[in-house]
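What follows is a short report on a single structure.
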Amino acid sequence: MRGTLTTREFELQQGLLGALERKELVMFYQPQIPIQSGQEGKHRAEVLIRWIRDGQIYAMPGEFIPLFEQQKQIAKLDYYVLEETCARLKRIENASGYRIALAVNISRQTAEQPGFFEFCSSCCKRYGLSEKALELEFTEGEIISDYQKFSLLLEQLKGHGFRCAMDDFGSGQSSILELQKLEFDVLKLDRMFFADDASKERQMVILENVIAMAKMLHMEVVAEGIEKSTWVKHLRRLGCDYIQGFLYSQPLNELAYMDWIEKNRYRKSLYSEP
Ligand code: C2E
Ligand code: MG
Ligand code: MG
């Protein structure tokens, strides 16, 4: 049944599971740049999926992730990405000697599946990886139906060394409530915080206090979607730990990401100014 889907959505929906089987869903990596001193040399990136056909980007996650979610098939993709991420991490570590931490996006639907923790755990064991190499990003897009259950899952994951991040903080409606109830390790500030220049007093007061609050809750802070260099000095001063955005790098395919690491290995200036 096509229902109210557009032709494009119908096409994407029909192709989703085949795309997974044909390995058309490809992992890209967007570096997260440490901006405080003492963190130099750490390599972190977020894994972002692109649907590739005939060597070109055929669809972006904003188009196909909601379709996977509607079809209740998102866990298939998330499990695939988790498995592949562990495999790549091991491969990169063996080939280059770099210790890299990768963040993977996990839909709430996936996190709520029985056996999710066990899957993450067995993945790390199978590839001989430290759990610390893997960060799990949970978006606050969907309202959590059962805080207690989610809180137990976080406790279990963190107890075994996985890092857990709250993604897109500030973009949804339940941010503060979730922060109050759930003990994440990392807070990812949504890019809407940084849409304007760093010139509006009101905006800076809010940002300053959000970062201060995260620090008091012993969380690391990642600012997402940074495009303008003026933000770097403000974010460093406010105590933000990492910056992720087009200012430093677009999401890159694996080869380009390995190149990026190699090129930026000794560039100390990267950690002070862009
Ligand atoms: P996200 O996890 O918040 O990822 C950050 C998004 O911001 C990415 O969009 C990235 O390309 C974009 N971005 C990064 N820096 C900049 C910037 O400076 N300016 C602008 N305008 N955008 C920037 P992308 O790759 O289109 O992904 C969209 C969303 O799709 C992700 O948002 C994430 O929620 C979801 N997603 C991606 N891969 C997966 C996956 O494997 N599983 C699940 N469940 N969701 C995924
Ligand atoms: Mg994310
Ligand atoms: Mg985000």
Side-chain angles (χ1 to χ4, degrees), residues 12 16 19-20 23-33 44-52 57-88 101-113 116 119-120 123 134-142 163-172 175 178 184-198 220-232 235 240 242-253 256-257 260 274:
L12 290 173
L16 279 177
L20 204 51
K23 299 206 181 298
E24 289 176 354
L25 299 175
V26 176
M27 292 161 52
F28 276 53
Y29 307 80
Q30 188 177 32
Q32 297 177 344
I33 317 300
R44 282 168 53 134
E46 178 174 6
V47 177
L48 294 159
I49 296 302
R50 303 287 178 259
W51 186 338
I52 304 286
I57 293 182
Y58 170 66
M60 293 291 282
E63 265 194 299
F64 61 82
I65 297 284
L67 294 174
F68 263 109
E69 288 178 339
Q70 277 164 29
Q71 291 189 349
K72 305 268 180 264
Q73 299 287 354
I74 189 70
K76 284 205 174 94
L77 172 70
D78 289 346
Y79 282 158
Y80 170 79
V81 175
L82 270 168
E83 178 92 34
E84 284 292 304
T85 299
C86 290
R88 306 282 163 98
L102 291 178
V104 174
N105 288 287
I106 303 293
S107 157
R108 284 278 151 87
Q109 253 179 55
T110 310
E112 283 172 6
Q113 289 227 328
F116 171 70
F119 184 85
C120 296
C123 238
L134 211 56
E135 188 171 300
L136 305 167
E137 289 192 7
F138 300 97
T139 165
E140 56 137 7
E142 295 160 52
R163 297 181 58 71
C164 297
M166 183 181 195
D167 203 355
D168 303 336
F169 177 81
S171 65
S175 306
E178 290 203 358
F184 289 98
D185 305 289
V186 181
L187 191 67
K188 294 197 74 181
L189 304 178
D190 191 77
R191 67 167 175 268
M192 65 143 209
F193 280 106
F194 315 105
D196 303 313
D197 289 329
E220 273 189 329
V221 178
V222 180
E224 278 195 288
I226 304 297
E227 296 180 359
K228 299 188 181 95
S229 58
T230 44
W231 276 108
V232 180
L235 285 166
C240 173
Y242 292 87
I243 283 183
Q244 182 183 344
F246 296 167
L247 172 66
Y248 288 116
S249 173
Q250 298 267 340
L252 305 167
N253 67 28
Y257 176 54
W260 191 93

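Keep in mind that this is a model prediction, so the values were computed, not measured. Every number for a ligand or one of its atoms is a count from 1 in the order of the listing. Along the sequence shown, residues are numbered consecutively beginning with 1.
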Give a yes/no verdict on whether any heavy atom in Gln250 is under 4.0 Å from an atom of ligand 1.
no

Identity and separation of the nearest protein heavy atom to atom 41 (O) of ligand 1
Ile49 CG1, 3.2 Å

Among the N, O or S atoms of Glu46, the one nearest the Mg ion (ligand 2):
OE2

Side chains of Val81 and Ile106: closer than 4.5 Å at any heavy-atom pair?
no

Near Glu227 (heavy-atom distance under 4.0 Å), the atoms of ligand 1 are 17 (C), 18 (O), 19 (N), 20 (C), 21 (N)

With the threshold set at 4.0 Å, does a side-chain nitrogen-carboxylate oxygen contact exist between Arg108 and Glu112?
no

Glu46 side chain to Gln30 side chain, donor-acceptor N/O pair below 3.5 angstrom:
no

Protein heavy atom at shortest distance from atom 7 (O) of ligand 1:
Arg191 NH1, 3.1 Å

So NZ of Lys23 and CD of Glu84: to nearest 0.5 Å the spacing works out to 5.5 Å

Would one find an N or O of Gln244, backbone or side chain, under 3.5 Å from an N or O of ligand 1?
no

Does Met27 come within less than 4.0 angstrom of ligand 1, counting non-hydrogen atoms of the residue?
no

Within this structure, what is the OH-CD1 distance for the pair Tyr242 and Ile226, rounded to the nearest 0.5 Å?
15.5 Å

Looking at Glu137, which of its N, O or S atoms is the nearest one to the Mg ion (ligand 2)?
OE1

Below 2.8 Å, can you find an N, O or S atom of Asp190 next to the Mg ion (ligand 3)?
no

Within a distance under 4.0 Å of any heavy atom of Met60, pick out the atoms of ligand 1 and give their elements.
26 (O)

Among all protein heavy atoms in this structure, tell me which lies nearest to atom 42 (N) of ligand 1, with the distance rounded to 0.1 Å.
Asp78 OD1, 2.8 Å

Among all protein heavy atoms in this structure, tell me which lies nearest to atom 30 (O) of ligand 1, with the distance rounded to 0.1 Å.
Pro61 CB, 3.3 Å

Apex the Mg ion (ligand 3) - arms OD1 from Asp167 and OD1 from Asp168 - angle rounded to 10°
90°

Nearest non-hydrogen protein atom, atom 3 (O) of ligand 1:
Asp168 OD1, 2.9 Å

Using the six-membered ring wherever Trp is involved, compare the ring planes of Tyr257 and Trp260 and label them parallel, tilted or perpendicular (cut-offs 30° and 60°).
parallel

Pull out every atom of ligand 1 sitting under 4.0 Å from any heavy atom of Pro251, numbered as shown with elements.
11 (O)

Quick one: nearest non-hydrogen protein atom to atom 18 (O) of ligand 1, plus distance?
Phe246 N, 2.8 Å

Are Thr139 and ligand 1 in contact, using a heavy-atom cut-off of under 4.0 Å?
no

